[in-house]
Amino acid sequence: MRRPLRSIFAIACVLAPAACNEHRFGFFPGTESDGGTFDPSTETDTAGPTLSPTTISPTTISPTTVQPTITSDTETTVTTVTTVDPTATVTTGVPSECGEIVLPPVVPITQVDSLQAKGDDFSLSCGGVGGTDLEVVWTAPVTGRFQFDTIGSNFDSLLAVLDGVCSGQELACDDDSGGNLTSKVEVDLIVGQTVTLVIDSFGQSTAEVVYNITQVQLPDECPDGVFEPFVPLTIDGQTAGAANFRAGSCNGFESPEIEAQWTAPFDGQFVFEVIEADFDPVLYLLDSSCQGGELACNDDSNGLFPAISMFLFAGQPVVVVVDGVGGQAGKFLLSIHEG
């Protein structure tokens, strides 16, 4: 009997208030807390815009609090890109044959298997009811965006990516986006995240299946955000799902990073620090723009958390880069204040 996939389930929002947003990566707007800015015409401190103070406690940040989304358009030609909590899986029974094919954690991969003697174990959100299906388990070797497709197959295929081994939530599903009745999806994954590729057929089939896994190169859109020239400033963000285009002199060679431009409101010594994170972060500053030279880089100044203290002149812009160690990525809380 066909076992329907379980629909997406609610995840409690531990971060406040940014955990409930739908950002895949970047700095979350509307969470900054400022203590005023500098007015050069009066040389006195004036109150900044009214913003809700940050209510995030360093002890309340928990990994795996990303609100997942699912796109499930039947007969769509639009590629689906989804980011989810890498540890959220559903612990239900699985078909006995699922998990027998396990691919090595490398890219690119092109594999040929057969639907011969396969069963009808999955019902996908994009179709495939009554069709023969094949399941393949694979683990992401790095953090990034990956394309899964059946391009090269000669039958009417459907394709879904499930989180975890066989029984997790559906991350993406597609029918016919690959052309010639083949399927294609793109999914953002974190290094070490295991997924199951479900290849279904439109009706019963014994066809050979050609399927491919490749990494998608993301454009370098830097910076990801612009901070208002306030101090103190506290804002949260997430690097998971971002691209890995740059690194600091002190670390960050294998991890994705995000960047934000900030301008000093007055002459002074300023401290940039990650005060909480669910991964091992790296912090560095670039001069003026994303193409500027490195001003400073720090890893593990306070335990696993980095901090940089630097004198800046009024109106001097810097790009703050939050990176990671050894392919790690996740949520963090960044603070900028006078030192």
Engineer: Would you tell me whether Thr110 and Asn212 have side-chain atoms, one donor and one acceptor, within less than 3.5 Å of each other?
Structural biologist: yes

Engineer: Output, in order, the C-alpha distance, side-chain angles, deciding distance and verdict of salt bridge (Lys or Arg N to Asp or Glu O under 4.0 Å) for Lys331 and Glu276.
Structural biologist: CA-CA 8 Å; Lys331 298 184 76 70; Glu276 187 57 274; over 6 Å; no

Engineer: If you link I, L, V, M, F, W and Y whenever their side-chain heavy atoms are under 4.5 Å apart, who else ends up in the same group as Phe311?
Structural biologist: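 Other cluster members: Phe313.
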
Engineer: Within the side chain of Glu170, is there an N or O that forms a donor-acceptor pair under 3.5 Å with the backbone of Ser125?
Structural biologist: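 Looks like yes, one N/O pair under 3.5 Å.
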
Engineer: If you measure only the distance, is there a donor-acceptor pair under 3.5 Å linking the side chains of Ser249 and Glu294?
Structural biologist: yes

Engineer: Do Val107 and Ile101 sit in the same hydrophobic cluster, where Ile, Leu, Val, Met, Phe, Trp and Tyr count as joined when their side-chain heavy atoms come under 4.5 Å apart?
Structural biologist: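 Yes, because Val107 and Ile101 connect within a single hydrophobic cluster, where side-chain heavy atoms sit under 4.5 Å apart.
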
Engineer: Counting only heavy atoms not in Asn180, do more than 12 fall under 6.0 Å of its CG?
Structural biologist: no

Engineer: Keeping the roles fixed (side chain from Ser177, backbone from Asp174), state whether a donor-acceptor pair exists under 3.5 Å.
Structural biologist: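 Not at all, since once roles are kept as given, no pair shorter than 3.5 Å links the two residues.
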
Engineer: With heavy-atom distances below 4.5 Å as the criterion, would you say the side chains of Leu162 and Val198 are in contact?
Structural biologist: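 Leu162 vs Val198: side chains touch.
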
Engineer: Name each donor-acceptor pair under 3.5 Å that joins a side chain in residues 151-161 to protein atoms two or more places apart or in another chain, with its distance.
Structural biologist:
residue : atom : partner : partner atom : Å
Ser153  : OG   : Thr150  : O            : 3.0
Ser153  : OG   : Val210  : N            : 2.9
Ser153  : OG   : Val210  : O            : 2.8
Ser157  : OG   : Thr150  : OG1          : 2.7

Engineer: Heavy-atom distance under 4.5 Å between the side chains of Leu171 and Leu189, does that happen here?
Structural biologist: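 They are in contact (side-chain heavy atoms under 4.5 Å apart), so the answer is yes.
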
Engineer: CG of Leu334 to CH2 of Trp262: how many Å apart, nearest 0.5 Å?
Structural biologist: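 Reported value, rounded in 0.5 Å steps: 10.5 Å.
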
Engineer: Tell me, with the steps shown, if Thr139 and Gln193 meet side-chain hydrogen bond (donor to acceptor under 3.5 Å, both in side chains).
Structural biologist: CA-CA 6 Å; Thr139 299; Gln193 183 175 356; over 6 Å; no

Engineer: CD of Glu259 to OG of Ser289: how many Å apart, nearest 0.5 Å?
Structural biologist: 11.0 Å

Engineer: Hey, what do you get for CD (Gln269) to NE2 (His337), rounding to the nearest 0.5 Å?
Structural biologist: 11.0 Å

Engineer: Does some side-chain heavy atom of Phe270 sit less than 4.5 Å from a side-chain heavy atom of Leu285?
Structural biologist: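 A side-chain contact under 4.5 Å is absent here.
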
Engineer: Using a 3.5 Å cut-off and no angle test, enumerate the donor-acceptor pairs between side-chain atoms of residues 317-328 and protein atoms at least two apart in sequence or in another chain.
Structural biologist:
residue : atom : partner : partner atom : Å
Asp323  : OD2  : Tyr284  : OH           : 2.7
Gln328  : OE1  : Asp280  : N            : 3.0

Engineer: Would you check, one step at a time, whether the test side chain to side chain contact (heavy atoms under 4.5 Å, CB included) holds for Ile109 with Leu103?
Structural biologist: CA-CA 9 Å; Ile109 287 180; Leu103 300 182; 3.9 Å; yes

Engineer: Any side-chain heavy atom of Gln261 within less than 4.5 Å of one from Ser288?
Structural biologist: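 Contact flag for Gln261/Ser288 side chains = no.
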
Engineer: Check whether any side-chain heavy atom of Phe146 sits under 4.5 Å from a side-chain heavy atom of Thr214, and report yes or no.
Structural biologist: no

Engineer: Can you see whether Glu257 engages Thr239 through a side-chain donor-acceptor pair at a distance of less than 3.5 angstrom?
Structural biologist: no

Engineer: Drop me the distance from Glu100's CD to Asp113's CG, to the nearest 0.5 angstrom.
Structural biologist: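 CG of Asp113 is found 11.0 Å from CD of Glu100.
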
Engineer: Could you walk me through whether Phe227 and Leu233 satisfy the side chain to side chain contact (heavy atoms under 4.5 Å, CB included) test, starting with their C-alpha distance in whole Å, then the side-chain angles of each, then the deciding distance to 0.1 Å, before giving a yes or no?
Structural biologist: CA-CA 9 Å; Phe227 294 163; Leu233 179 69; 3.7 Å; yes

Engineer: Give a yes or no answer on whether the side chain of Thr196 reaches the backbone of Gly164 with a donor-acceptor pair at less than 3.5 Å.
Structural biologist: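 Flag set: sc Thr196 to bb Gly164 pair under 3.5 Å.
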
Engineer: Rounded to the nearest 0.5 Å, what's the gap from SG on Cys173 to CG on Leu124? Could you check?
Structural biologist: 4.5 Å

Engineer: Give, for atom CZ of Phe332 and atom CZ of Phe27, the distance between the pair rounded to the nearest 0.5 Å.
Structural biologist: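 Between Phe332 CZ and Phe27 CZ, I get 4.0 Å after rounding to 0.5 Å.
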
Engineer: Do side-chain atoms of Asn298 reach the backbone of Ser301 as a donor and acceptor pair under 3.5 angstrom?
Structural biologist: yes

Engineer: With no hydrogens and no angle check, is any side-chain donor or acceptor of Asp267 less than 3.5 Å from a backbone partner on Ala314?
Structural biologist: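 Looks like yes, one N/O pair under 3.5 Å.
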
Engineer: Is the CD atom of Gln111 crowded by more than 12 outside heavy atoms at less than 6.0 Å?
Structural biologist: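 Yes, enclosed.
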
Engineer: In sequence, state the C-alpha distance, the side-chain angles, and the governing distance for Ile235 and Ile336, and then conclude on side chain to side chain contact (heavy atoms under 4.5 Å, CB included).
Structural biologist: CA-CA 9 Å; Ile235 193 165; Ile336 304 175; over 6 Å; no

